[in-house]
Number of protein chains: 2
Amino acid sequence: MALEHAILVSLSERAASGAELTRRFDASIGYFWTATHQQIYRVLGRMETDGWITAESVPQPDRPTTKVYAVTAAGHAELRRWIAEPTAPDPVRSTLGVKMRGASYGDRAALLDDLRHQLDEHTKRHSLYEFLAARDFPDPAALDDAGRDIYLVLRGGLLMEEFWIRWLTEYLDAHTKEIP
Amino acid sequence: MALEHAILVSLSERAASGAELTRRFDASIGYFWTATHQQIYRVLGRMETDGWITAESVPQPDRPTTKVYAVTAAGHAELRRWIAEPTAPDPVRSTLGVKMRGASYGDRAALLDDLRHQLDEHTKRHSLYEFLAARDFPDPAALDDAGRDIYLVLRGGLLMEEFWIRWLTEYLDAHTKEIP
DNA sequence: TCAAACATGTAACAAGTTACATGATTTG
DNA sequence: CAAATCATGTAACTTGTTACATGTTTGA
């Protein structure tokens, strides 16, 4: 399981409440690991029981008191252990791959419409990542190691979007009869 | 859920037993959808109950009798329905992304070793896909629609491996201090 | 002040994984 | 003929999803 470890990484960067973590999993971390708030709260509970994190109740002036979680020494040790461990490949599950392969047994025109929409979404997301890279990392060569890691993971997101754009374009082109 | 539908696609191409399906999910279909035999048998049972497939016991000369599954009209209708349905993005879960981002909180040298191994594996897999493409699809332009779909999904696997090779190479290069 | 949104959950269910089981069958 | 493999499963557990609950706070 890597949700625990994704949370450990995020909390190592900066302590946070459950809600703040949820927001991070909707944004930056969400680009390579998704989780809903229900999952996050459940796992936070388990991690606290296991002693990987501690919760501190922080009363706030004009907001309800929130629990802020921070990584313990045990949590840090676990994260170190996990990072050094050999990584098994993530399971592959591509719904679009299944649909493309099965197109002959369904409505190909409807699928092509869907794929055009997917291509659109991936193109938009690619632009977003390019914008974020330019805004937050104007000079990648000047980054320290930790900053470089964040930048390179964003690069991964960008390359992934390029993969999608290539694949979808190739499929759409191959199945679009040219009208002379 | 798409495992049902991946099975429907596979059985539409050709009827098969549970074991044969398992083999397909270890090979061609496995390149974009993974499933273990336990999952497959369980889902086959449910699909039979739902009337999407029928099982025919086929006694074989010198082998034990196997159950061969085939898609029913109801199964075909369901597959058509599902293919035309708008596709929600698959959840993103990249263990290596989490590790790359957390490298500062662990043993970076160990991670880089792991990543070099991953790069190796993806390079091998890329070669395999290139070999399969050359062997099975020497003339892509000559394919019919169904054949083209199979070819294009293989192309997707190839492009995916190229994504991995790019990302891993970029990460490794960025974290490899040049020795002058 | 009422409605919407926020923060923090619980419960029930579905999907996926790991470990084990059983009989037939080929092979060394 | 014993060991390994194949084909077909069952059971228990973990992870992930969907639907609901409850109190707080901000904004129209």
Side-chain angles (χ1 to χ4, degrees), chain A residues 1-8 11 15-27 29-30 32-50 53 55-69 82 87-95 98, chain B residues 1-8 11 15-27 29-30 32-50 53 55-69 82 87-95 98:
Chain A
M1 231 298 271
L3 177 52
E4 272 96 337
H5 300 100
I7 289 175
L8 284 175
L11 291 180
S17 66
E20 167 62 18
L21 274 173
T22 301
R23 262 177 257 115
R24 293 185 194 169
F25 275 86
D26 282 339
I29 300 187
F32 56 97
W33 200 274
T34 52
T36 60
H37 76 110
Q38 292 89 340
Q39 264 183 286
I40 291 168
Y41 281 112
R42 188 167 24 153
V43 171
L44 282 174
R46 187 165 62 218
M47 291 170 77
E48 199 182 351
T49 304
D50 292 349
I53 56 176
E56 192 195 355
S57 285
V58 176
Q60 291 184 294
D62 52 341
R63 317 221 83 245
T65 296
T66 68
K67 279 205 267 185
V68 172
Y69 295 94
W82 178 78
T87 310
D90 292 311
V92 184
R93 293 205 170 85
S94 167
T95 302
V98 177
Chain B
M1 232 298 272
L3 176 53
E4 272 97 338
H5 300 99
I7 289 176
L8 285 175
L11 291 180
S17 66
E20 167 63 18
L21 274 174
T22 300
R23 261 178 257 115
R24 293 185 193 169
F25 276 86
D26 282 338
I29 301 186
F32 56 97
W33 200 276
T34 52
T36 60
H37 76 109
Q38 292 88 340
Q39 263 183 288
I40 291 168
Y41 280 112
R42 188 166 20 154
V43 171
L44 282 174
R46 187 165 61 219
M47 291 169 77
E48 198 182 352
T49 305
D50 292 348
I53 56 177
E56 192 195 354
S57 284
V58 177
Q60 291 184 295
D62 52 340
R63 316 222 85 243
T65 296
T66 69
K67 279 205 266 184
V68 172
Y69 295 94
W82 178 78
T87 310
D90 292 311
V92 184
R93 293 206 170 86
S94 167
T95 301
V98 177

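Here is how names work: the chains are called A, B, and so on, in the same order as the sequence lines, proteins then strands, and each is numbered from 1.
Taking B:Trp82 as the reference, B:His5 meet the ring pair (Phe, Tyr, Trp, His ring centres under 6.0 Å) condition, with sequence neighbours excluded. Legend: residues meeting side-chain contact (heavy atoms from CB on, under 4.5 Å) with A:Thr87, ordered by chain and number and at least two apart, are B:Thr95, B:Leu96, B:Lys99, B:Asp114, B:Gln118. By the side-chain hydrogen bond (donor to acceptor under 3.5 Å, both in side chains) test, A:Arg93 pairs with no residue at all, sequence neighbours left out.
Taken over five-pair windows at either terminus, the axes of the helix from C:dT1-D:dA28 to C:dG28-D:dC1 are inclined to one another by 20° (rounded to 10 degrees).
For A:Ile40 and C:dA7, the CD1 to C1' distance is 13 Å, given to the nearest whole Å. Put simply, CZ on B:Arg93 is 14 Å from P on C:dA15, counting in whole angstrom units. Protein atom CG of A:Asp26 is 12 Å distant from nucleotide atom P of C:dA7, rounded to whole Å. Taking atom CZ on A:Arg23 and atom P on C:dA5, their separation rounds to 16 Å, with Å as the unit. One can place CG of B:Asp90 at 15 Å from C1' of C:dG16, the figure rounded to the nearest angstrom.
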For this session: Apply side-chain contact (heavy atoms from CB on, under 4.5 Å) to A:Ile7 and A:Phe25, showing your working.
Result: CA-CA 9 Å; A:Ile7 289 175; A:Phe25 275 86; 4.0 Å; yes
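To the nearest 0.5 angstrom, B:Thr34 atom OG1 is 11.5 Å from B:Ile29 atom CD1. Atoms CZ and CG, from A:Phe32 and A:Asp90 in turn, are 12.0 Å apart once rounded to the nearest 0.5 Å. For the atom pair OG of A:Ser17 and CD of A:Glu56, the computed distance is 12.5 Å after rounding to the nearest 0.5 Å.
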Pairs: protein N or O with nucleotides 8-15 of chain D N or O, under 3.5 Å:
unit_1 : atom_1 : unit_2  : atom_2 : d
D:dT8  : OP2    : B:Ala19 : N      : 2.8
D:dT8  : OP2    : B:Tyr41 : OH     : 3.1
D:dT8  : O5'    : B:Tyr41 : OH     : 3.3

Kindly list each side-chain donor-acceptor pair under 3.5 angstrom involving residues 40-48 of chain B, sequence neighbours excluded, with atom names and distances?
unit_1  : atom_1 : unit_2 : atom_2 : d
B:Arg46 : NE     : B:Glu4 : OE2    : 3.3
B:Arg46 : NH2    : B:Glu4 : OE2    : 2.9

